Amino acid sequence: MKKTALIMAGGRGERFWPKSRKRLPKQFLSLTDDGKTMIQLTVERIKYMVDVEDIYISTNREYRDLVTEQLPEIPEENILCEPVGRNTAPCIGLGAVCIQKKYEDAIMIVLPSDHLIKYNKMFLRTLADASAVAEKGDNLITIGITPDYPESGYGYIKFNPDVSDGHAYAVERFVEKPSLEVAKEYLETEEYLWNSGMFVWKVSAILKNIQLLLPDMHQGLMKIKESIGTAEAESVLEREFTAFTSESIDYGIMEKAKNIYIVPGTFGWDDVGSWLAVGRIKKSNENGNVVSGNIITIQSRNNIIQGDKKLIATVGIENMIIVDTEDATLICDKDSVADVKKVLENLKICNRDEYI
């Protein structure tokens with residue numbers, strides 16, 4: 001069966017402030033030593049399984065030029081520009097009807113644009129296993145990451161090891177981010193996987209589930225599908241998509257649907273959720289510092305320091321994150337990295353939009 005891919009690239013990446021901004025969010029930044037942006041790496045990875053003309057990018061209108069600039073090989077009609085952000089269910093639904101307009105049915109691989117994968121061949125093998133199960137019927141498959149430590153910042157998925165189809169296991173339930181103690185219990189049972197936000201299914205299968213579980217959204221999606229290729233396409237998309245309720249695919253579909261399976265993945269996945277990810281991605285020096293730019297460190301250990309031409313000198317600091325840009329500098333204790341979003345909340349309250 002024909003394989004297609006939808007790459008979701010509409011997020012703001014607020015936890016990567018001040019590098020990630022409204023005008024240049026995280027997925028369009030390079031965080032690896034090869035200089036490639038995360039969305040470029042995502043497309044490069046999936047091209048070994050999906051033809052370029054069958055890769056779709058779902059993003060916000062304001063990022064169309066960024067997508068075109070960074071991914072010139074993607075056909076213009078495959079850049080799906082949402083008029084407003086409405087979470088992952090409408091995003092995926094829009095991708096599904098655009099693919100269905102082109103093909104009667106196809107395998108649809110849904111990927112976030114801001115994840116990093118260390119072992120690409122193992123990643124593609126996992127997607128192939130998931131695609132094989134998806135082809136058999138109206139199965140909805142998610143990719144779970146085998147946890148190697150208790151993480152309270154991820155959602156979890158409980159699976160039944162005794163009910164399987166090939167390399168996929170039946171999903172019992174989705175679990176919100178647990179406490180650290182509960183995460184330790186999950187790790188010991190070996191029946192929980194991290195929720196990666198990656199999915200594989202037939203286009204017909206996901207649209208059937210949207211029709212059943214989100215009927216109002218399905219009606220709007222069908223109107224959008226009918227308008228594709230017509231002079232009214234933009235106005236219909238604007239009207240119908242804006243009217244959708246904001247809904248995640250997990251809550252709207254996956255937690256309620258039948259025939260949900262999960263394929264465990266062990267391919268060096270990182271969701272790059274905060275500046276702490278840089279410490280996992282890049283090599284540290286003999287003092288545990290991960291530095292980039294014009295940096296001098298004196299008696300400083302286990303820090304993440306990101307700069308440019310301006311000299312940054314540190315003396316006697318530990319476990320800190322320092323990120324310097326042309327107009328803003330972040331100085332943050334590693335243990336408080338989750339609170340970086342509060343900086344943006346404060347900036348919004350103070351109407352200092354030039355820093356957002």
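Owing to the predicted nature of the structure, the values given are computational and were not obtained by experimental measurement. Along the sequence shown, the residues carry numbers beginning at 1.
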* Structure fact -> Connected to Val278, directly or through other members, by ILVMFWY side-chain contacts below 4.5 Å are Phe16, Trp17, Leu31, Met38, Leu41, Leu116, Val272, Trp275, Leu276, Ile281, Val290, Ile304, Ile321, Val323, Leu330, Val337, Val340, Val343, Leu344, Leu347, Tyr355, Ile356
* Asked: Do Ile145 and Glu151 come close enough that some side-chain heavy atom pair is under 4.5 Å?
  -> no
* Asked: Does any non-hydrogen side-chain atom of Asp324 lie less than 4.5 Å from one of Asp308?
  -> no
* Side-chain donor-acceptor contact under 3.5 Å, Ser248 with Asp250 -> no
* Please indicate whether His167 has more than 12 foreign heavy atoms, meaning atoms of other residues, nucleotides or ligands, lying under 6.0 Å from its NE2. => no
* Is there a path from Ile57 to Leu94 through hydrophobic residues (I, L, V, M, F, W, Y) whose side chains come within less than 4.5 Å of each other? -> no
* To do: Any chance you could pull the hydrophobic cluster mates of Leu311, using side-chain heavy atoms under 4.5 angstrom and chaining through other members?
  => Ile296, Ile298, Val315
* **ring-ring contact (aromatic ring centres under 6.0 Å, His included), paired with Trp194, selected from Phe159, Phe174, Tyr149** => Tyr149
* Answer whether the closest heavy-atom distance between the side chains of Leu71 and Gln40 falls below 4.5 Å. => yes
* Asked: For Tyr48, does the OH atom have more than 12 heavy-atom neighbours from other residues, nucleotides or ligands under 6.0 Å away?
  -> no
* **Ion pair Arg21/Glu326, N-O distance below 4.0 Å** => no
* Does a side chain donor of either Ser235 or Glu232 reach within less than 3.5 Å of an acceptor in the other side chain? -> no
* N/O donor-acceptor pair under 3.5 Å between Asn303 side chain and Asn319 backbone -> yes
* Considering only heavy atoms from C-beta outward, does the side chain of Met217 approach that of Thr245 to under 4.5 Å? -> no
* To do: Could you tell me whether the side chain of Val43 reaches within less than 4.5 Å of the side chain of Glu73, counting heavy atoms only?
  => yes
* **Modelled atom types, side-chain donor and acceptor of Asp271 and Tyr154, under 3.5 Å** => yes
* For atom CZ of Arg352, is the number of surrounding heavy atoms from other residues, nucleotides or ligands below 6.0 Å larger than 12? -> no
* Asked: Quick check: are there more than 12 heavy atoms from other residues, nucleotides or ligands sitting under 6.0 Å from CD of Glu354?
  -> yes
* Asked: Is there a donor in the side chain of Lys225 and an acceptor in the side chain of Gln100, or the other way round, less than 3.5 Å apart?
  -> yes
* Asked: Would you call Lys2 and Asp51 a salt bridge, taking side-chain N to carboxylate O under 4.0 Å as the test?
  -> yes
* To do: Examine the side chains of Glu76 and Thr68 and answer whether a donor and an acceptor come within less than 3.5 Å of each other.
  => no
* **Chi angles and distances behind the side-chain hydrogen bond (donor to acceptor under 3.5 Å, both in side chains) call for Tyr103, Asp54** => CA-CA 10 Å; Tyr103 300 111; Asp54 294 319; 2.6 Å; yes
* Can a donor-acceptor pair be found between the side chains of Asp165 and Asn139 at a distance below 3.5 Å? -> no
* **Atom NZ of Lys136: over 12 foreign heavy atoms under 6.0 Å** => yes
* Asked: So with a 6.0 Å cut-off around NZ of Lys256, is the heavy-atom count from everything else above 12?
  -> yes
* Asked: Hey, does Asp138 have a side-chain heavy atom less than 4.5 Å from the side chain of Trp201?
  -> no
* Asked: If you measure from OG1 on Thr266 to CZ on Arg125, what distance do you get to the nearest 0.5 Å?
  -> 9.5 Å
* To do: Determine, for Glu234 against Arg61, whether the closest basic-nitrogen to carboxylate-oxygen distance falls under 4.0 angstrom.
  => yes
* **Same apolar cluster (I L V M F W Y, side chains within < 4.5 Å links), Val52/Leu111** => yes
Report, one line per pair, each donor and acceptor closer than 3.5 Å where one atom sits in a side chain of residues 177-193; sequence neighbours left out.
residue, atom, partner, partner atom, Å
Ser179, OG, Val182, N, 3.3
Thr189, OG1, Tyr186, O, 2.8
Thr189, OG1, Glu191, N, 3.2
Glu191, OE1, Lys158, NZ, 3.1
Tyr192, OH, Arg173, NH2, 2.8

* Compare all side-chain heavy atoms of Met198 with those of Phe123 and state whether any distance is below 4.5 angstrom. => yes
* Would one find more than 12 heavy atoms of other residues, nucleotides or ligands at under 6.0 Å from atom NZ of Lys22? -> no
* Asked: Would you say Asn209 and Met254 make side-chain contact, with heavy atoms under 4.5 Å?
  -> no
* **Hydrophobic cluster identity match, Val50 and Tyr56, side-chain contacts under 4.5 Å** => no
